[in-house]
Amino acid sequence: MAFFFFIWDDDVLEKLAIREISVDEVEEIISHPDEVTSSRSSGRPVAIGLNAAGRRLLCVYEMIDDETVQPVSVFEID
């Protein structure tokens, strides 16, 4: 089980609100992903998973250090 400190910026929080995705949902997927890959466009890590609410999310993020994550973009996927 991974534990991270999360840094949230206003732009990402605004996008989450528009997409009706909570901070808790994103933190859940990044901390407990079903799959981790890399973004084809940016090379950043991507966590993909099904959360407790049954939503499948794709979360692009940046590792600031070994314990600190900054989410960059989040999408609900089929």
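Interatomic distance, OH of Tyr61 versus CD of Glu27, reported as 13.0 Å (0.5 Å rounding). Expressed to the nearest 0.5 Å, how far CG of Asp9 lies from CD of Glu14 amounts to 10.0 Å. Separation of atoms CG (Asp24) and CD1 (Ile29) is listed at 11.5 Å; rounding is to 0.5 Å. With values rounded to the nearest 0.5 angstrom, Ile30 atom CD1 is found 9.5 Å from Met63 atom CE. Once rounded to the nearest 0.5 Å, the distance linking CD1 of Ile48 with SG of Cys59 reads 9.0 Å. Atoms CG and CD, on Leu57 and Glu28 in that order, are 8.5 Å from each other to the nearest 0.5 Å.
Hydrophobic clustering (side-chain heavy atoms under 4.5 Å, transitive across Ile, Leu, Val, Met, Phe, Trp, Tyr) groups Trp8 together with Val74. There is a path of hydrophobic side-chain contacts, each under 4.5 Å, that joins Leu13 to Phe4.
With contacts defined as side-chain heavy-atom distances shorter than 4.5 Å, the pair Val46/Val36 does not qualify.
A perpendicular orientation is assigned to the rings of Phe5 and Phe3, their planes being inclined by more than 60° (bins at 30° and 60°).
Remark: Ser39 pairs with Ser41, Ser42 by the side chain to side chain donor-acceptor pair (under 3.5 Å) rule, at least two apart or across chains. For Arg55, the side chain to side chain donor-acceptor pair (under 3.5 Å) partners are Glu25, Glu76, not counting sequence neighbours. Residues that satisfy the side chain to side chain donor-acceptor pair (under 3.5 Å) test with Thr68, not counting sequence neighbours, are Asp65. A search for side chain to side chain contact (heavy atoms under 4.5 Å, CB included) contacts involving Leu50 returns Asp34, Arg56, not counting sequence neighbours. In this view, Gln70 satisfies the side chain to side chain donor-acceptor pair (under 3.5 Å) rule with no residue, not counting sequence neighbours. Not a single salt bridge (Lys or Arg N to Asp or Glu O under 4.0 Å) links Arg19 to another residue, sequence neighbours left out.
Listed here is the closest heavy atom pair of Ser31 and Pro33: C-CD, 3.6 Å.
Evaluated for a side-chain contact (heavy atoms from CB on, under 4.5 Å) with Ile7, the options Val69, Ile64, Val12 yield exactly one hit, Ile64.
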